[in-house]
Amino acid sequence: DVTSTLTDGSKYSDIYSLSENVITVDLGQVYDNLICFGVEHYGASYTVRDLKVEISVDGKDYKSLGSYDAWDYANAVLEAFDPQTARYVRFTGTDPQSSYYGWDVGEINITVAE
């Protein structure tokens, strides 16, 4: 349950920011063969539109993997064409239609290929 480390310990916490909403996930160790990265929002009321995904081995130098439309439930993850190595995954979300509300996080998906 990463919720307690990302927010205030409540499983229904909102993340607020004026322009960008950032979640950084520490996987606890370096993993090889990471292939899918995503944050799925909880409901349609408060969410971000564009979600950028970055990864890092040391938590200092980040590599951009690209971005996706977080409103699209059918494609709620960014798939890496080449397996990646990382310990930290940073999701930066922006919502061009809202300058006040953040997003309600439903799921955070990070997948390792077998």
Side-chain angles (χ1 to χ4, degrees):
D1 179 15
V2 297
T3 304
S4 60
T5 61
L6 293 175
T7 59
D8 61 5
S10 171
K11 292 187 179 187
Y12 301 101
S13 293
D14 295 332
I15 299 171
Y16 293 106
S17 177
L18 291 179
S19 60
E20 291 185 335
N21 298 277
V22 180
I23 295 175
T24 302
V25 179
D26 180 350
L27 299 174
Q29 68 182 51
V30 174
Y31 284 92
D32 294 322
N33 298 323
L34 296 169
I35 56 169
C36 291
F37 308 86
V39 174
E40 184 179 307
H41 56 84
Y42 179 78
S45 298
Y46 304 112
T47 187
V48 296
R49 185 74 197 205
D50 301 308
L51 200 61
K52 181 171 80 170
V53 180
E54 298 170 288
I55 59 172
S56 174
V57 172
D58 60 9
K60 296 176 185 173
D61 297 315
Y62 281 85
K63 169 185 171 183
S64 177
L65 295 182
S67 61
Y68 67 92
D69 183 350
W71 279 72
D72 184 359
Y73 274 116
N75 298 300
V77 297
L78 178 75
E79 294 185 35
F81 290 105
D82 298 315
Q84 301 292 316
T85 299
R87 174 177 175 161
Y88 301 92
V89 181
R90 181 166 62 196
F91 299 96
T92 303
T94 58
D95 184 354
Q97 298 181 2
S98 174
S99 60
Y100 176 72
Y101 294 108
W103 85 66
D104 290 334
V105 174
E107 298 272 337
I108 296 175
N109 302 302
I110 301 171
T111 306
V112 177
E114 295 182 11

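Everything numeric here is computed off the predicted structure, so don't read it as measured data.
Inter-residue side-chain proximity for V53 and R90 is flagged as unmet; no heavy-atom pair is nearer than 4.5 Å. Between L65 and Q84 the shortest side-chain heavy-atom distance falls below 4.5 Å. Using a 4.5 Å cut-off on side-chain heavy atoms (C-beta onward), L34 and D32 make no contact. Looking at heavy atoms from C-beta onward, V30 lies in side-chain contact with T85 at the 4.5 angstrom threshold. With a 4.5 Å cut-off on side-chain heavy atoms, L78 and F91 do not count as touching.
For the residue pair D61 / S56, no side-chain donor-acceptor distance below 3.5 Å is found, with atom types taken as modelled.
In this structure, Y31 is a member of the same hydrophobic cluster as I23, with clusters built from ILVMFWY side-chain heavy atoms closer than 4.5 Å. Linking ILVMFWY residues whenever their side-chain heavy atoms come closer than 4.5 Å, directly or via other members, places F37 and L27 in the same cluster. Placement of V89 and V112 within a single hydrophobic cluster is found when ILVMFWY residues are connected by side-chain heavy-atom separations under 4.5 Å, directly or transitively.
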Stepwise side chain to side chain contact (heavy atoms under 4.5 Å, CB included) check, Y62 with T24: CA-CA 11 Å; Y62 281 85; T24 302; 3.6 Å; yes

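Under the 3.5 Å distance criterion, the side-chain polar atoms of E54 are left unmatched by any main-chain donor or acceptor of K52. Here the side chain of S67 pairs no donor or acceptor atom with the backbone of D50 at under 3.5 angstrom.
Among D26, V25, I55, the single residue meeting the side chain to side chain contact (heavy atoms under 4.5 Å, CB included) criterion with R87 is D26.
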